[in-house]
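Computed from a predicted structure; not experimentally measured.
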Amino acid sequence: MQEAIILVGGKGTRLRPLTNHTPKPLLNVAGSSFIRHQIAKLTDAGVEHVVFATSYLADLFEEEFKDFSQDLEISYAVEEIPLGTGGAIRNAARLLRGTSADAPVLILNGDILSGVDLRAVLRHHQARVADVTLHLTRVPDPRAFGLVPTDEAGRVLSFLEKPKTPEECVTDQINAGCYVFRRSVLDAIPADREVSVEQETFPQLVAGGGRVFGHVTDDYWRDLGTPLAFVHGSADLVTGRATSPLVGPPAVALIHPTATVDATARVTGGSTIGPHAVIGPRVVVDRSIVGANVTVAEAAQIHESVVDHDSSIGSESFLREVVVGCHSHVGAQNELPAQLRLACGIRIPSLGVRMSGTATACLTAH
Ligand code: GDD
Ligand code: MG
């Protein structure tokens with residue numbers, strides 16, 4: 001039986017306020033929670049049992065899957081105190097069903113949208129009789145990731161998590177957050193304390209001469225951990241640049257059947273419009289996620305942004321690369337700049353924020 005562990009215990013701080021009440025893997029991406037896309041991919045790869053390594057808002061995972069009845073069994077390994085990525089893997093291993101010391105266990109970070117063929121990673125691992133096999137990808141700027149140089153045979157030479165100096169950036173090859181561990185190697189991770197697989201386990205295995213191999217591919221790959229990556233990942237699933245068994249044929253937008261979109265509005269770039277949302281006349285929504293019960297008034301423009309559920313955007317407001325928390329209100333004619341993240345329940349009055357053009361006349365009495 002092929003088994004897998006998904007690491008889903010992180011707090012998702014870079015995605016706040018979206019992650020204030022919802023763990024990152026349960027956020028909606030192209031019409032389904034992200035973890036459901038991962039589960040579908042695991043099922044397609046022949047995985048029959050998956051353990052979720054949970055911690056932050058752990059109960060919500062069991063809630064999400066309480067009615068799940070497909071050909072894949074789910075177990076929950078809850079950490080009262082987060083154990084770090086290595087500690088989480090070790091803790092989740094308690095719940096694996098297999099007993100063979102050589103069994104290959106698939107491990108996924110819970111925030112990676114990837115086109116990698118999981119069966120191919122498993123085959124790569126078996127063919128090299130590896131202790132650990134890491135899926136590797138190449139990125140233009142590797143500083144936010146784990147650097148993994150390999151030799152000609154694909155053997156990992158070192159592992160350096162989040163390099164701090166330019167001299168440390170020795171490769172553009174990074175850890176793509178998908179591993180196969182030999183079961184006995186996984187069981188050797190300390191069980192009683194916080195362990196980082198990136199800072200501790202991988203460097204130690206490599207230094208100790210372990211058979212650690214990289215499987216480099218140029219498949220679609222994105223870590224959805226930041227707001228911009230999150231909206232781009234969702235849009236890529238809708239437009240077909242990235243694929244998931246849960247998403248239909250490529251489309252310009254995914255509009256929930258209960259949403260209302262005015263005939264003069266333009267919803268493009270792989271945007272998602274959630275249940276009961278109302279999109280007004282001449283509105284533009286491009287490469288964005290608009291949540292359930294959101295209203296967007298006439299001629300507003302939303303680009304590469306997330307508007308979380310139960311919020312409203314006033315007429316002629318302009319948003320680019322913005323996250324609007326749930327139950328917020330952005331009044332008319334605001335212009336919200338890139339990287340702004342509005343907390344849940346915030347209210348911005350009409351003409352409250354502008355970046356360009358003439359600022360409004362003073363609204364207060366002196
Ligand atoms: N259960 C549990 N417990 N899960 C955890 C914990 C913990 O203490 N800490 C982190 N996680 C989970 C997160 O939920 C996420 O799914 C995964 O582990 C990775 O954590 P991130 O916080 O997303 O790490 P990152 O993106 O900065 O870096 C990681 O991913 C990169 C690829 O995107 C590292 O693995 C890098 O080496 C890698 O390049
Ligand atoms: Mg991440």
### Task
May I ask you to decide if the ring planes of F202 and Y179 are parallel, tilted or perpendicular, using 30° and 60° as cut-offs?
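The arrangement is perpendicular - the two ring planes meet at more than 60°.
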### Query
Between F145 and W221, how do the two ring planes meet: parallel, tilted or perpendicular, split at 30° and 60°?
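Rings of F145 and W221: perpendicular, over 60°.
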Run the salt bridge (Lys or Arg N to Asp or Glu O under 4.0 Å) test against [X] and tell me which residues pass, sequence neighbours left out.
| X | answer |
| --- | --- |
| E198 | none |
| R143 | D141 |
| R182 | D102, D131 |

### Task
Under the side chain to side chain contact (heavy atoms under 4.5 Å, CB included) rule, what do E161 and S196 come out as? Steps first, then yes or no, please.
CA-CA 10 Å; E161 183 69 8; S196 160; 5.9 Å; no
### Message
Does the Lys NZ or Arg CZ of R36 fall within the cation-pi geometry relative to F65 - under 6.0 Å from the ring centre and within 45° of the axis?
### Response
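Flagged: R36 positioned over aromatic ring of F65.
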Distance-minimising heavy-atom pair for [X] and [Y]:
| X | Y | value |
| --- | --- | --- |
| V156 | G214 | CG2-N, 3.8 Å |
| P275 | T258 | CA-OG1, 3.2 Å |
| A259 | G274 | CB-O, 3.5 Å |
| G314 | A300 | O-CB, 3.6 Å |
| P245 | A40 | CG-CB, 3.8 Å |
| S55 | P82 | OG-CG, 3.6 Å |

Would you say [atom1] of [X] has more than 12 non-hydrogen atoms from neighbouring residues, nucleotides or ligands within 6.0 angstrom?
| X | atom1 | result |
| --- | --- | --- |
| E168 | CD | yes |
| R266 | CZ | no |
| D151 | CG | yes |

If you measure from [atom1] on [X] to [atom2] on [Y], what distance do you get to the nearest 0.5 Å?
| X | Y | atom1 | atom2 | result |
| --- | --- | --- | --- | --- |
| L60 | I35 | CG | CD1 | 11.5 Å |
| E3 | I107 | CD | CD1 | 11.5 Å |
| S114 | D223 | OG | CG | 11.0 Å |
| N175 | H135 | CG | NE2 | 10.0 Å |
| N28 | F230 | CG | CZ | 7.5 Å |
| C169 | I174 | SG | CD1 | 11.5 Å |

Would you mind reporting whether [Y] and [X] have side-chain heavy atoms less than 4.5 Å apart?
| X | Y | result |
| --- | --- | --- |
| L15 | P227 | yes |
| C178 | L118 | yes |
| P25 | Q38 | no |
| L342 | L336 | yes |
| Q333 | S350 | no |
| L96 | I5 | yes |
| S288 | V231 | no |
| V29 | L113 | no |

Distance-only side-chain donor-acceptor flag, [X] / [Y], under 3.5 Å:
| X | Y | answer |
| --- | --- | --- |
| T150 | Q173 | yes |
| H303 | R287 | no |
| H49 | E73 | no |

With a 3.5 Å distance limit and no angle check, can you tell me whether [X] reaches the backbone of [Y] through a side-chain donor-acceptor pair?
| X | Y | result |
| --- | --- | --- |
| R90 | L83 | no |
| K41 | V116 | yes |
| S305 | V322 | yes |
| S158 | P203 | no |
| T239 | G270 | no |
| T264 | R282 | yes |
| N334 | P349 | yes |
| T85 | V197 | yes |
| E335 | M355 | yes |
| D310 | N293 | no |

Do the side chains of [X] and [Y] join up, straight or via other hydrophobic residues, at under 4.5 Å, putting them in one cluster?
| X | Y | answer |
| --- | --- | --- |
| V132 | V206 | yes |
| L106 | F181 | no |
| L134 | F213 | no |
| V216 | I112 | no |
| V47 | L122 | yes |

#### Entry: Non-neighbouring partners of H327 that pass ring pair (Phe, Tyr, Trp, His ring centres under 6.0 Å), sequence neighbours left out
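Scan of H327 (ring pair (Phe, Tyr, Trp, His ring centres under 6.0 Å), adjacent residues dropped) gives H309.
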### Task
With sequence neighbours excluded, tell me which residues meet ring pair (Phe, Tyr, Trp, His ring centres under 6.0 Å) with Y76.
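With sequence neighbours excluded, Y76 shows a ring pair (Phe, Tyr, Trp, His ring centres under 6.0 Å) to F52, given in chain and number order.
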#### Entry: side-chain contact (heavy atoms from CB on, under 4.5 Å) partner of I279, the single match among I273, I255, D262
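Testing I279 for a side-chain contact (heavy atoms from CB on, under 4.5 Å) against I273, I255, D262 leaves exactly one candidate, I273.
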### Query
Stepwise, does the side chain to side chain contact (heavy atoms under 4.5 Å, CB included) test hold for I6 with L42?
CA-CA 10 Å; I6 312 186; L42 287 175; 3.8 Å; yes
### Query
Can D308 and V324 be said to form a side chain to side chain contact (heavy atoms under 4.5 Å, CB included), step by step?
CA-CA 6 Å; D308 210 359; V324 178; over 6 Å; no
### Query
Under the side chain to side chain donor-acceptor pair (under 3.5 Å) rule, what pairs show up with a residue in residues 11-24, not counting sequence neighbours?
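Those involving residues 11-24 are K24-D111.
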### Message
Test side chain to side chain contact (heavy atoms under 4.5 Å, CB included) on T201 and I89; report intermediate values, then the result.
### Response
CA-CA 11 Å; T201 314; I89 294 170; over 6 Å; no
